[in-house]
Amino acid sequence: MLTRMPYILDGSQPAPALSAADRILAAIRAVPRGHVAGYGVVARRAGLPGRARMVARLLGAHSGTCLPWHRILRSDGRIAFPPGSEGYLEQIRRLRAEGVEVRNGRVRMPAAEDLLDAEIWRPD
DNA sequence: AGTATGACTCATC
DNA sequence: AGATGAGCCATAC
């Protein structure tokens, strides 16, 4: 990729803007191990407030690729898949594997959005 | 171009 | 806590 845009290295030209999808993907990848985030939160972090559904769609589209998809939950902390479904069970398995407590398909969501978080993620 | 469909969210009851 | 309805946005047909 860099060979296609060598100017990135010397800053002689501004880096091309990331697409909405790429920003969402980045926001998903940035959720640390053992943590979770809501679809809406991810969208907001990607600079796309109100587009939770786009986050969901992307996750589906990229299923099978290397993404921490299991760390993304509904705003109320519940798993988005139908209870008992394969995805549901797999998500619980993965969350528990990294130390997240899951009870009845539900996870305790991070309180509000801490300010540090908002600061770090403010889209430039 | 119009409609249906979601790994959604919010207000309300 | 669960149910419901409206709002939302990108895709698929």
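Naming: A, B, ... by sequence-line order, numbering from 1 per chain. All values derive from a computational prediction rather than experimental measurement.
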### Message
Can you tell me whether the side chain of A/R53 and the base of B/dC8 have a donor-acceptor pair closer than 3.5 Å?
### Response
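Under the 3.5 Å cut-off, the side chain and the base do form a donor-acceptor pair.
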### Task
For the residue pair A/R106 and A/I79, establish whether any side-chain heavy-atom pair is separated by less than 4.5 Å.
no
#### Entry: Pairwise C1' distance, C/dC8 and B/dG6 [rounded to whole Å]
12 Å
### Rounded distance in Å between the C1' positions of B/dA1 and C/dC13
12 Å
In whole Å, what is the span from the [atom1] atom of [X] to the [atom2] atom of [N]?
| X | N | atom1 | atom2 | answer |
| --- | --- | --- | --- | --- |
| A/E90 | B/dA7 | CD | C1' | 14 Å |
| A/R51 | C/dT11 | CZ | P | 11 Å |
| A/R44 | B/dC8 | CZ | P | 16 Å |
| A/M54 | C/dA10 | CE | C1' | 7 Å |
| A/F81 | B/dC8 | CZ | C1' | 13 Å |
| A/Y39 | B/dG6 | OH | P | 14 Å |
| A/R74 | C/dA3 | CZ | C1' | 13 Å |
| A/H62 | C/dA10 | NE2 | C1' | 13 Å |

### Query
Between atom CZ of A/R94 and atom CD of A/E98, what is the distance when rounded to the nearest 0.5 Å?
9.0 Å
### Task
Could you tell me which non-hydrogen atom of A/C66 sits nearest to which non-hydrogen atom of A/R29, and how far apart they are?
O-NH1, 4.3 Å
### Summary
Looking only at heavy atoms, the pair that brings A/V42 and A/I24 closest together is CG1-O, 4.1 Å
### Query
Considering only side-chain heavy atoms of A/R57, which listed nucleotide, B/dC8, C/dT11, C/dG2, is closest?
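The answer is C/dT11, which lies nearest to the side chain.
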### Query
Which nucleotide, B/dC8, B/dC10, C/dG2, lies nearest any side-chain atom of A/S75?
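Taking heavy atoms from C-beta onward, the closest nucleotide is B/dC10.
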### From CA spacing to verdict: side-chain contact (heavy atoms from CB on, under 4.5 Å), A/M109, A/D76
CA-CA 7 Å; A/M109 288 300 272; A/D76 61 3; over 6 Å; no
### Working for side-chain contact (heavy atoms from CB on, under 4.5 Å), residues A/R51 and A/R44
CA-CA 8 Å; A/R51 284 180 230 197; A/R44 210 157 41 238; over 6 Å; no
### Message
Only Watson-Crick and G-U wobble pairs with both distances less than 3.5 Å should count. Give DNA chain C in dot-bracket notation, marking inter-strand partners with |.
### Response
.||||||.|||||
### Query
Any salt bridge between A/E101 and A/R96, counting N to O under 4.0 Å?
no
#### Entry: First of A/R78 and A/G50 reached from the 5' end of DNA chain C, by closest nucleotide
A/R78
### Query
B/dA7 phosphate, OP1 or OP2: any side-chain N/O from A/R71 under 4.0 angstrom?
no
